[in-house]
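Structure record follows, encoded as structure tokens.
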Amino acid sequence: MASNEFQPLQGMSDIQAPEIYLWRMMEERARAVFTSYGYDELRTPVLEKLSVFQRSLGDTTDVVKKEMYSFKPSKHELAMRPEGTAGTMRHLAGRGEEGLSARVFYIAPMFRYERPQAGRKRQFHQVGVEATGEPNPLADAETIAMQKSLLDAWGLTGSKIQISTRGEPSDRKPVADGLRAALQPHLNDLCADCQRRIDENVLRVIDCKNEGCQTIVDQIPSAIEFMSEASRTYLDQVIQTLETMGVEVTVNPKLIRGLDYYVHTVWEISHSALGAQDALAGGGRYEIALGRKAIPGVGFAIGFERAIMALEACGISGEQFAPVNGVWLVSLGETALVENMKLAAELRAKGIRCGMELETKSMKAQMRKANRSGATKVIIRGDDEIEKGTAIVKNMVEGSQEELNFEEVIRNA
RNA sequence: GUGAUUGUAGCUCAGUUGGUUAGAGCGCCUGAUUGUGGUUCAGGAGGCCGCGGGUUCGAAUCCCGUCUUUCACCCCA
């Protein structure tokens, strides 16, 4: 790192081997799990009209207000997506009737202009799903169960699912009023942030990290208690269904999700290995209005960078998924070198991972490279072998070797 | 946006109160039977000490700025 002129931008990073093998494993298994649940992959553009995000995430949220990369190259103000749901809804809204009962997933980079820290990048990556359809506790439960089975497929252990509800839109006012009234007597004991939040966004007082605020919050009724009977029943049904399915969740009425579009069930998955940003995934039921009518649905997103931190804490790393079992060709002399290039092409056409040195180097050097490549088999050819129509095949694990007919070598490879 | 923190070979890091050609380990290259790896031994290559400015006879070392790293707040995945 002699200079930073070749470094990526702040909060962005190049993902290279061996870590990339972990990414690939996660992507492959995510596709397999989602496909088994009947979901299809959807790839939306990175750039959307700014209004797509303003309308679906709510233009008062921090994500929209101050964290978006936005610019105006021509007529429309554009923005790079800070999350995946808005673009997906923009797409589904355009599919009319069909978009109201869709099951899609995405694996894509997201962009947020924030100060980077542990598990927080300016370009970060999410895998997420959206299932549109009228509110149904069973759909919420299935989504959470699917998310859990993805984490299992990755080998991630030690994560905790916390669940709560935001209730129906009609619950918002009673909840806010109720909390404000309950907090009013304690106003002077709240931290400066919370004194501001009590008017701007009361819900945020509830998950304030300040200890003093927390003791006050513990004394007052939870947000759920101000909600309608129907909203509470809905949450109970989700929890019961999950219980029947054997998915363990903890109810946490203090759980707050920031985006405006959430209704009913919300949840978060955290892991102790993550530091302050301990949420590796979040999800919830939402209602997003882009066209004339709102699209109801349920979905979640998992942060790759954070999931990887948690996986590494579980002892899972990229090296474990590096390609293995290759063949390495050793060539002694110009003739063998060219002949081996033909052989390599033939082996590769058969799907065999095959490497070789393209300049004439000592056998020792070539063997060293073979060893480093992780090849389990080495095929050695020099002038003698070419003339005889043979090749030496060496087993790198056992160290044994034998001279075989060239045709036989190809057949056994 | 706020408050801290980091930057020396490919990697992980030393570098004493500012003082001659900036070091180690690992890795890399070459060699130890001129056709055999992973162990060992010997040799070698490789650094504008993040970048710009300042102080000084002299700066990797002190000061200022800038970029970057990491962490917390905030917010969120």
Side-chain angles (χ1 to χ4, degrees), chain A residues 1-13 16 57 60-68 81-85 108-128 147 159 191-194 196-197 201 204 207-210 255-259 267-271 274-284 299-310 328 330-333 336 360-385 392-401 403:
Chain A
M1 219 199 289
S3 80
N4 59 9
E5 95 181 88
F6 304 116
Q7 280 181 348
L9 292 170
Q10 181 174 26
M12 310 205 171
S13 44
Q16 59 174 336
L57 308 187
T60 58
T61 54
D62 278 17
V63 170
V64 168
K65 262 194 327 198
K66 44 190 190 190
E67 296 176 2
M68 281 206 291
R81 61 172 168 230
E83 55 86 81
T85 304
M110 308 296 166
F111 303 84
R112 256 122 104 156
Y113 189 80
E114 300 180 274
R115 289 282 288 274
Q117 77 187 66
R120 190 167 81 182
K121 295 273 187 189
R122 287 184 173 174
Q123 176 177 337
F124 62 104
H125 301 76
Q126 287 186 335
V127 44
Q147 190 175 17
S159 63
C191 71
D193 280 336
C194 284
R196 173 177 52 80
R197 284 195 277 236
N201 195 350
R204 279 282 162 225
D207 70 345
C208 178
K209 285 184 183 172
N210 188 299
L255 178 70
I256 303 300
R257 309 245 67 229
L259 278 14
W267 69 91
E268 206 167 275
I269 303 184
S270 57
H271 197 281
L274 264 48
Q277 317 294 318
D278 69 345
L280 70 89
F300 67 72
I302 306 178
F304 261 82
E305 285 81 359
R306 292 188 189 180
I308 285 172
M309 287 170 75
W328 193 269
V330 169
S331 347
L332 300 158
T360 49
K361 289 222 165 174
S362 76
M363 179 153 193
K364 201 183 213 30
Q366 292 188 62
M367 288 302 292
R368 252 201 306 269
K369 267 210 168 161
N371 188 56
R372 240 180 289 143
S373 79
T376 48
K377 193 190 273 187
V378 169
I379 296 173
I380 305 166
R381 293 206 292 170
D383 291 341
D384 296 353
E385 287 77 14
I392 293 169
V393 177
K394 173 159 182 163
N395 180 320
M396 291 296 274
V397 183
E398 291 163 16
S400 59
Q401 66 179 51
E403 185 162 353

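So that the names make sense, note that chain A is the first sequence line, chain B the second, and so on, each numbered from 1. These numbers come from a predicted model, not from an experiment.
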Applying the 5.5 Å / 30° rule, does A:Phe124 stack onto the base of B:A77?
yes
Within less than 4.0 Å of OP1 or OP2 of B:A77, is there a side-chain N or O belonging to A:Gln126?
no
Short side-chain to backbone donor-acceptor contact, A:Arg112 and A:Pro82, under 3.5 Å
yes
Describe the nucleic acid contact of A:Gly333 in one word from base, sugar-phosphate, nothing, applying a heavy-atom distance below 4.0 Å.
nothing
Need one value for A:Lys121: base, sugar-phosphate or nothing, where a base atom within 4.0 Å counts as base even if backbone is also close, heavy atoms only.
base
Protein-to-nucleotide contact annotation, 5' to 3' order, nucleotides 29-39 of chain B [B base; S sugar-phosphate only; - none; under 4.0 Å, heavy atom]
SS----BBBB-
Quick check on B:C73: is either OP1 or OP2 less than 4.0 Å from any side-chain nitrogen or oxygen of A:Gln277?
yes
Counting the atoms with a prime plus P, OP1 and OP2 as sugar-phosphate, which does A:Ala279 contact under 4.0 Å by heavy atoms, base, sugar-phosphate, or nothing?
sugar-phosphate
When rounded to the nearest Å, what value does the distance between P atoms of B:A24 and B:A14 take?
16 Å
Which is true for A:Gln117 with a 4.0 Å heavy-atom rule: it touches a base, it touches only sugar-phosphate, or it touches nothing?
base
Under 3.5 Å, which protein N or O atoms sit close to an N or O of nucleotides 40-44 of chain B? Give each pair with its distance.
none

With rounding to the closest Å, how many angstrom separate the P atoms on B:G50 and B:U69?
16 Å
Could you check whether the side chain of A:Arg120 and the base of B:C75 have a donor-acceptor pair of N or O atoms closer than 3.5 Å, going by distance alone?
yes
P-based separation of B:G27 from B:C64 [nearest Å]
41 Å
Length of the line joining A:Gln10:CD and B:G7:P, which is rounded to integer Å:
17 Å
A:Lys209 side chain N/O closer than 4.0 Å to the phosphate oxygens (OP1, OP2) of B:C73?
yes
Bracket notation of RNA chain B in which parentheses pair within the strand, [ ] cross earlier pairs, and | pairs with another strand (Watson-Crick or G-U, under 3.5 Å)
((((..(..((((.....[...)))).(((((.......))))).....(((((..]....))))))..))))....
Which is true for A:Gly119 with a 4.0 Å heavy-atom rule: it touches a base, it touches only sugar-phosphate, or it touches nothing?
base
Pick base, sugar-phosphate or nothing for A:Arg112, based on heavy-atom distances below 4.0 Å to the nucleic acid.
base
